2 protein chains.
Amino acid sequence: MIYAGRMPVTVLLVDDEPLVRAGLRAVLEAQPDIEVVGEAADGAAVIPLVRQLRPDVVAMDVRMPLLDGIEATRAVLRTVADPPKIVVITTFENDEYVYEALRAGADGFLLKRARPAEIVHAVRLVAEGESLLFPAAVRELAGAHGRLRGNPDAVAALERAALTGREEEVLRLMARGLSNAEIAARLVVGTETVKSHVSSLLAKLGARDRTQAVITAYESGFVAPG
Amino acid sequence: MIYAGRMPVTVLLVDDEPLVRAGLRAVLEAQPDIEVVGEAADGAAVIPLVRQLRPDVVAMDVRMPLLDGIEATRAVLRTVADPPKIVVITTFENDEYVYEALRAGADGFLLKRARPAEIVHAVRLVAEGESLLFPAAVRELAGAHGRLRGNPDAVAALERAALTGREEEVLRLMARGLSNAEIAARLVVGTETVKSHVSSLLAKLGARDRTQAVITAYESGFVAPG
DNA sequence: GCCCGGCTCCCCCGCACGGGGGAGACGATC
DNA sequence: GATCGTCTCCCCCGTGCGGGGGAGCCGGGC
């Protein structure tokens, strides 16, 4: 089921906005093992292109003129033999269409503002035959408003905390696994200073130790995986 | 923010078939750390029972008379403060209702023919706040071999690690911010045992301390925010 | 002028943590 | 029967961590 040797992964981009297509192309083409073999501006053009180009993956916007991503997904899966994997792309959190697309047989979905690494990863995953939902994307979907998103309790904890600039720096470095001594070296201050900041931010976050503080950082979206 | 030492995980079973309820009860009650606190035969009875019993987890069939699992999920999440985690149960793979339920806010789902160990595992996972998309239930549903998502380095580290079942449990609890003593209490073992598992998994993960291990867990998608 | 908050650094101190050992029980595998 | 891995628990030991203090410096606000 895993095609280790198939190089490169071929991708067809389908989006009505040229800018989005260009962005996806740039992100994907930067990978040596991914090749964008074609583009389309609406769902109606997808089927002939899929037949002609035989891409491994179709990255497709859900909202398009003429034929939207849901209908296009259905059409491809119904009419094309050995169909490509389909990743639907959406701009909006909690897009109803996404669920429709998944039911229609899409293999995954992504938010347009996902980080490049996530997009690349998603394409690779579906190309390998993984049919799964991407936690990061779901997190975004479920997520909220503003800079922080995630577990409401964690967000609340971090907002209530009102960390100072230095404390935020220290928390970020803690969330990268650095010890107090390493943080001190990085910030060019003494370890006692770092300990002071750490104690302060632990108290503000209501965390017992650095591990709990880092958890809060992840849960709140203050730092993000990937 | 941090959910410490909640000892028996309390579960409410909701299914129209008494046989299924009996089976679930037998499977779950066999675990010392899981307690079935109530049962209901249809979705309409769920809300008062949730209010009365305050279960940690509701295991709920999707297809039921009167009020199905999707509507019941929506109702619980809309009307109950500090709602329980909800695991929906389905007989069929690729059940359309499952997507509906997830969209309604369910935290996980299970196939009825899952092995007892998987059912128990799923209940523990959602009780710990684990993400719905990662666990074995999804692999089962997707029919594919499970794979981690996220930072490739972190994923690689976790896959290379080949953690034992116990080590995975310990890592999950570490990622909820629990101390060794708390993990020991939760798993009903000695603190020395936990330390042993912690040392072992730290070595396998190439992590220097528990904070770095938790970071790897988040980065790889082994645990997910939210 | 004064005061306050942030950043810096220092002390002492207790303890959880993690490393390095070892060992018995159990089940699976050979 | 012997072997292996897992889970369990024990020892010692050093140290990084975090709590509780205090203190000097600086900039902005009153």
Side-chain angles (χ1 to χ4, degrees), chain A residues 157-217 222, chain B residues 1-2 4-5 30-33 115-118 120-121 124 136 157-217 222:
Chain A
L158 238 169
E159 282 173 348
R160 253 188 287 105
L163 300 184
T164 68
R166 209 54 160 169
E167 287 162 356
E168 286 195 2
E169 280 187 86
V170 171
L171 178 55
R172 264 180 238 285
L173 294 173
M174 284 167 60
R176 293 174 57 175
L178 302 197
S179 67
N180 289 341
E182 288 166 344
I183 293 171
R186 183 73 68 92
L187 297 181
V188 199
V189 297
T191 58
E192 296 298 329
T193 302
V194 174
K195 286 179 61 176
S196 172
H197 291 311
V198 169
S199 289
S200 174
L201 73 87
L202 288 183
K204 286 182 178 178
L205 292 177
R208 179 180 52 198
D209 50 45
R210 67 203 295 110
T211 303
Q212 288 190 351
V214 169
I215 289 168
T216 299
F222 179 77
Chain B
M1 170 184 42
I2 304 299
Q31 305 302 315
D33 61 331
R115 291 186 302 274
E118 284 180 321
V120 168
H121 193 57
R124 287 211 187 94
L158 243 171
E159 283 176 346
R160 251 187 289 105
L163 299 184
T164 68
R166 211 52 161 169
E167 287 162 357
E168 286 195 2
E169 280 188 86
V170 170
L171 177 56
R172 261 181 240 287
L173 294 173
M174 283 167 62
R176 303 308 303 176
L178 274 61
S179 68
N180 288 341
E182 287 166 344
I183 293 171
R186 181 72 70 94
L187 298 181
V188 199
V189 296
T191 58
E192 295 298 330
T193 301
V194 174
K195 285 179 62 176
S196 172
H197 291 311
V198 169
S199 290
S200 174
L201 73 88
L202 288 182
K204 286 182 179 179
L205 293 177
R208 180 179 51 198
D209 51 44
R210 67 202 297 107
T211 303
Q212 288 190 350
V214 169
I215 289 169
T216 299
F222 179 77

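Small disclaimer: the values here were computed from a predicted structure and weren't measured. Chain letters run A, B, ... following the sequence lines, proteins first and then strands; every chain starts at 1.
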Problem set entry | Working for side chain to side chain contact (heavy atoms under 4.5 Å, CB included), residues A:E168 and A:L201 | CA-CA 8 Å; A:E168 286 195 2; A:L201 73 87; over 6 Å; no

For this session: Tell me, with the steps shown, if B:K204 and B:T164 meet side chain to side chain contact (heavy atoms under 4.5 Å, CB included).
Result: CA-CA 10 Å; B:K204 286 182 179 179; B:T164 68; 3.8 Å; yes

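The stretch residues 177-190 of chain A comes close to DNA chain C through A:V189, A:G190, each having a heavy atom under 4.0 Å from the strand.
We find that CD of A:E192 is positioned 12 Å from C1' of D:dG22, with the value rounded to whole Å. Here C:dC26 presents its C1' atom at 14 Å from CZ of B:R166, a figure rounded to the nearest Å. The separation between A:L201 atom CG and D:dG18 atom P is 9 Å, rounded to whole Å. We find that CZ of A:R208 is positioned 11 Å from P of D:dG18, with the value rounded to whole Å. For the pair B:D209 CG and C:dC17 P, the interatomic distance rounds to 11 Å; values are reported in whole Å. As a whole-Å value, the separation of B:K204 NZ from C:dG19 P is 14 Å. When the C1' atom of D:dC7 is taken as reference, atom CG of B:L163 falls 15 Å away, rounded to whole Å. Whole-Å rounding puts the A:E169 CD to C:dC7 P distance at 9 Å.
Neither OP1 nor OP2 of D:dT6 sits under 4.0 Å from any side-chain N or O of B:H197. Listed pair A:S199 / D:dG19 meets the phosphate criterion, a side-chain N or O lying under 4.0 Å from OP1 or OP2.
Minimum atom distance to the side chain of A:T164 is reached by C:dG6, of the listed C:dG6, C:dC12, C:dG18.
Helix bend of the helix from C:dG1-D:dC30 to C:dC30-D:dG1: the angle between its two end axes, each built from five pairs, comes to 40° after rounding to 10°.
In this structure the side chain of B:R176 never reaches within 4.5 angstrom of the side chain of B:I183, judged on heavy atoms.
For residues 182-194 of chain A, the set of pairs meeting the salt bridge (Lys or Arg N to Asp or Glu O under 4.0 Å) definition, not counting sequence neighbours, comprises A:E182-B:R208.
Of the possible polar contacts, none joining the B:E167 side chain to the B:H197 backbone as a donor-acceptor pair under 3.5 Å is found. With hydrogens and angles ignored, the 3.5 Å screen pairs no side-chain donor or acceptor of A:T193 with any backbone N or O of A:V189.
The pair A:R166-A:E169 counts as a salt bridge, with a side-chain nitrogen and a carboxylate oxygen less than 4.0 angstrom apart.
Place B:A203 and B:S196 on DNA chain C by their nearest nucleotides, and B:A203 ends up nearer the 5' end.
The only option from A:L173, A:L187, A:V194 that meets the side chain to side chain contact (heavy atoms under 4.5 Å, CB included) definition with A:L178 turns out to be A:L173. For the side chain to side chain contact (heavy atoms under 4.5 Å, CB included) with B:V198, the lone residue among B:L171, B:N180, B:T191 that qualifies is B:N180.
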